[in-house]
Amino acid sequence: MKKTSNLILSLLMAVVLMTGCGISETQDRTNSSEKQVESSTAKDKSKEVSANVKVLVAGEEVEDVELAVDNGVMLLDAMKENMIIEETDGFINSINGVEQSEKDNKFWIYTANDEEATVGANEYELLDGDQVVWELTEF
């Protein structure tokens, strides 16, 4: 009887130990996977994006700025970091002291990679190699 009790107790302890090791191994694998995802995400966010911004007034280039910003940065934020920008609700009023004029019907319009913008500068995410041209345009 005593041998049977010892055997049952030993089997029970073995099951408990195996279960504990299995949980630890599963947790280790889960933690490892989470670390890989975090590392991958951090690498993506830490990439730097290079873009060029030109500013034209009356058809003449007055600014040519190379931007080096973090991945995921919006055009407006990048310009604010590197130029003197005045804006209202995401619409640019002035670039490096050159103001648009409602009276003269001249407004800042931009193209990205030779295509007309379909979103405001506050919604345009810069991509590596982007070529942005701002032009004070009369309507």
Set of residues satisfying salt bridge (Lys or Arg N to Asp or Glu O under 4.0 Å) with respect to Glu87, sequence neighbours excluded
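So Glu87 forms a salt bridge (Lys or Arg N to Asp or Glu O under 4.0 Å) with Lys80.
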
Decide whether Glu86 and Asn93 meet the rule of one side-chain donor and one side-chain acceptor closer than 3.5 Å.
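No, Asn93 and Glu86 have no side-chain donor paired with an acceptor closer than 3.5 Å.
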
Rounded to the nearest 0.5 Å, how far apart are [atom1] of [X] and [atom2] of [Y]?
X	Y	atom1	atom2	value
Trp134	Glu61	CH2	CD	16.0 Å
Leu136	Ser94	CG	OG	10.0 Å
Asn122	Met79	CG	CE	12.0 Å
Leu127	Leu75	CG	CG	11.0 Å

If we only count heavy atoms from C-beta on, is the Val73 to Glu125 side-chain gap below 4.5 Å?
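No - every pair of side-chain heavy atoms lies 4.5 Å or more apart.
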
Leu76 versus Ile92: any side-chain heavy-atom pair under 4.5 Å?
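With C-beta onward as the side chain, the pair touches.
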
Write down the atom of Glu48, the atom of Ala68, and the distance for their closest heavy-atom approach.
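Scanning both residues, the minimum pair turns out to be OE1-CB, 3.6 Å.
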
I'd like to check the side-chain hydrogen bond (donor to acceptor under 3.5 Å, both in side chains) partners of Glu66; sequence neighbours left out, ordered by chain and number.
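Glu66: side-chain hydrogen bond (donor to acceptor under 3.5 Å, both in side chains) contacts with Asn52.
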
Any donor-acceptor N/O pair, Thr88 side chain to Phe91 backbone, under 3.5 Å
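Checked: no pair found.
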
Would you check if the side chain of Asn105 reaches a backbone N or O of Phe139 as a donor-acceptor pair within less than 3.5 Å?
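Between the backbone of Phe139 and the side chain of Asn105 there is a qualifying donor-acceptor contact (under 3.5 Å).
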
Throw together a table of side-chain donor-acceptor distances under 3.5 angstrom for residues 106-121, partners on residues two or more places apart or in other chains.
residue	atom	partner	partner atom	Å
Trp108	NE1	Val98	O	3.3
Tyr110	OH	Val119	O	2.8
Asn113	OD1	Gln131	N	2.8
Asn113	ND2	Asp130	OD1	2.8

Option from Val53, Leu67, Asn71 for which side-chain contact (heavy atoms from CB on, under 4.5 Å) with Leu126 holds:
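Among Val53, Leu67, Asn71, the one that satisfies the side-chain contact (heavy atoms from CB on, under 4.5 Å) with Leu126 is Leu67.
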
Is Met74 reachable from Ile95 through a run of I, L, V, M, F, W or Y residues, each pair having side-chain heavy atoms under 4.5 Å apart?
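No.
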
Before you tell me yes or no, could you show the steps for Val133 and Leu56 under side-chain contact (heavy atoms from CB on, under 4.5 Å), namely the whole-Å CA-CA distance, both residues' side-chain angles and the distance that decides it to 0.1 Å?
CA-CA 7 Å; Val133 176; Leu56 306 177; 3.6 Å; yes

